[in-house]
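Structure first, then comments.
Along the sequence shown, the residues carry numbers beginning at 1. Atoms within a ligand are numbered from 1 in the order they appear, just like the ligands themselves.
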Amino acid sequence: MTLTSVIRSTGSFLPARILTNKELETIVDTTDEWIVQRTGIEERHIAAKDEPTSFLAINAAKNALESSGLRPEDIDGVIVATTTPDQSFPSVAVKVQAALDLKPGPAFDVQAVCSGFIYALSVADSMIRSGSMNRVMVVGAEKMSSLLDWTDRSTCVLFGDGAGAVILEKSEQEAQGILSTHLYANGRLNDLLYTDGGVSTSGTAGHIIMHGKEVFKNAVTLMADIVEEVLTKNNVSPENIDWLIPHQANLRIITGTAEKLGMSMDRVVVTVNKHGNTSAASIPLALDDAVRSGKVQRGQLLLLEALGGGLTWGAALIRF
Ligand code: ACO
């Protein structure tokens, strides 16, 4: 018997405060026009001081649990993808476990920056396929605003806060759920995108430093390559993909990938305009948005892909 893992439900949470491009014009030397033209971002949500990443993660996870019709005791483990934990330890995942009153089981964070959700999904999928878990809560949650230098216009306009979650569940049906996951990193490119601080160096979280043009070029090439790999491995063609759900960093990277696939933008889930780049939260936020708006339907074929600091990148093909 072959075990597979399927997405039972999705959930998400965005902090109430919305920061528009117009408002950013009053903070740094920028314009709404520049931000929209270069990135597609119109606004982003920003968490309050007393709303740490765990607050966002817990609310997204609760939302996914409510949609699933399951009880807390039905969940065996929690994985949270985040780069912005509340504390150096304990993990955000154990806070989700406690807040949802889940039973004891594995709970841990994974850190792969913007690719974090794909990494976490891949780990959860492996745990389920190995038979050791029946259901895993997988969350992507970030308070990226806490890593921003609000005087650096080249980065502070790009990011936002939020969280998304899925409950992954064991299935015995073949060709369902997570069909394949593909994970990569190239540490030689770690200086293209990083924070200028950390626990064991400056003792602070630091701020994001990004060589945007270089990241952009790598993103376009690596996303095209990994998408090709997913299609070949699964013997599917771009016409078979119902929805491309990319990491929401920049509309130009998203359209570039869609063009390479020959997919029209009406089969691409875009939330970057409203969310900005929420790093590990961006894909589960986009997925939940598309599920709740009725775009993504059961049985459809979804292609997820992301690239982030590390550089790390990854993709997943899912029969939803
Ligand atoms: N407002 C106005 N002008 C600006 C702003 C701003 N907010 N930011 C930069 N500029 C100026 C620059 O100073 C520069 O001016 P100059 O020509 O006088 O020197 C000019 O605009 C062009 O700047 P570039 O950085 O070359 O602009 P580019 O077209 O490359 O766009 C961007 C920048 C949007 C960051 C783009 O490079 C990008 O999206 N890169 C990829 C981001 C990404 O995918 N990151 C991965 C995930 S993030 C993660 O993992 C945490």
Check: Does atom CZ of R188 have more than 12 heavy-atom neighbours from other groups under 6.0 Å away?
Finding: no
Check: Counting only heavy atoms not in E73, do more than 12 fall under 6.0 Å of its CD?
Finding: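 For E73, atom CD is crowded (more than 12 foreign heavy atoms under 6.0 Å).
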Taking [atom] as the reference point, the nearest protein heavy atom with its distance:
atom: atom 29 (O) of ligand 1; answer: R38 NH1, 2.6 Å
atom: atom 15 (O) of ligand 1; answer: R153 NH2, 4.3 Å
atom: atom 49 (C) of ligand 1; answer: C114 SG, 2.8 Å
atom: atom 44 (O) of ligand 1; answer: I253 CD1, 3.3 Å
atom: atom 31 (O) of ligand 1; answer: R252 NH2, 3.7 Å
atom: atom 21 (O) of ligand 1; answer: W34 NE1, 3.3 Å
atom: atom 46 (C) of ligand 1; answer: V215 CG1, 3.6 Å
atom: atom 32 (C) of ligand 1; answer: N250 ND2, 4.5 Å

Where does [X] meet ligand 1, judged by heavy-atom distances below 4.0 Å: at the side chain, the backbone, both, or neither?
X: I208; result: neither
X: V157; result: side chain
X: A249; result: side chain
X: L193; result: side chain

Checklist line | Positive for side-chain hydrogen bond (donor to acceptor under 3.5 Å, both in side chains) with S12, one of T278, N59, D288, T271 | finding: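 Between S12 and the candidates, side-chain hydrogen bond (donor to acceptor under 3.5 Å, both in side chains) is satisfied uniquely by D288.
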Pull out every atom of ligand 1 sitting under 4.0 Å from any heavy atom of [X], numbered as shown with elements.
X: V113; answer: 49 (C), 50 (O), 51 (C)
X: G308; answer: 50 (O)
X: T39; answer: 34 (C)
X: N277; answer: 47 (C), 48 (S)
X: S154; answer: 8 (N)

Under 3.5 Å between some N or O of ligand 1 and some N or O of [X]?
X: G212; answer: yes
X: L307; answer: no
X: K213; answer: yes
X: T31; answer: no
X: T30; answer: yes

Checklist line | Any residue meeting side chain to side chain contact (heavy atoms under 4.5 Å, CB included) with S126, in chain and number order, not counting sequence neighbours | finding: none
[X] with [Y]: basic N within carboxylate O range, under 4.0 Å:
X: E259; Y: R252; answer: no
X: K95; Y: D86; answer: yes
X: K103; Y: D76; answer: yes

Item checked: Whether Y194 and H211 hold their rings parallel, tilted or perpendicular, with breakpoints at 30° and 60° ->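 Geometry flag for H211 against Y194: tilted rings.
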Check: Minimum heavy-atom separation for E305 to T257, with atom names?
Finding: OE2-CG2, 3.4 Å
Check: Any cation-pi pair here, R44 with F159, using under 6.0 Å and within 45°?
Finding: no
Counting only non-hydrogen atoms of the protein, does one fall under 4.0 Å from [atom]?
atom: atom 1 (N) of ligand 1; answer: yes
atom: atom 9 (C) of ligand 1; answer: yes
atom: atom 25 (O) of ligand 1; answer: no
atom: atom 17 (O) of ligand 1; answer: no

Next item on the list: Determine whether any heavy atom of S279 lies closer than 4.0 Å to an atom of ligand 1.
Entry: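 Flag not set, S279 not near ligand 1.
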Check: Does the pair E23 and R17 meet the rule for a salt bridge (Lys or Arg N to Asp or Glu O under 4.0 Å), with working shown?
Finding: CA-CA 12 Å; E23 210 179 330; R17 160 111 166 88; 2.9 Å; yes
